[in-house]
Amino acid sequence: MRDVADVPVVGGPADGRTATVELDDLGQPPAELHPGEIDVDGDGLYVRAPVVGAGPPWTYRWRSAAR
């Protein structure tokens, strides 16, 4: 079983929630989350910040599909 982390979600339809995600073999959460992965609807996705680096704390920020 992999380790998990609770990562805050900022903006978009899941603003203010926390996403519980599995960490990869390097101890990093996924770079992106689709809204359905955190039980909301939306036309866009959540992008991890910082994308590169040792991490925590991480945050998922909303990126609209209209870009």
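The basis for the numbers below is simple: all heavy atoms, side chains too, and nothing from hydrogens, waters or symmetry mates.
In this structure, Arg17 contributes its side chain and Ile38 its backbone to a donor-acceptor pair below 3.5 Å. The backbone N or O of Gly11 sits less than 3.5 Å from a side-chain atom of Tyr46, completing a donor-acceptor pair.
When all heavy atoms are compared, the tightest approach of Pro30 to Glu22 is CD-O, 3.5 Å. Closest of all the heavy-atom pairs between Gly44 and Pro35 is O-CD, 3.2 Å. Looking at every heavy atom in both residues, Glu37 comes nearest to His34 through OE2-N, 2.6 Å. What you find for Val47 and Leu45 is that their closest heavy atoms are CG2-CD1, 3.8 Å.
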* For the pair Tyr60 and Val21, evaluate side-chain contact (heavy atoms from CB on, under 4.5 Å) and give the outcome as yes or no after the intermediate values. => CA-CA 11 Å; Tyr60 282 107; Val21 295; 4.2 Å; yes
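Within the model, atoms CG of Leu23 and CD of Gln28 stand 8.0 Å from one another, a figure rounded to the nearest 0.5 Å.
Residues Arg61 and Val10 meet the side-chain proximity criterion, which asks for heavy atoms closer than 4.5 Å.
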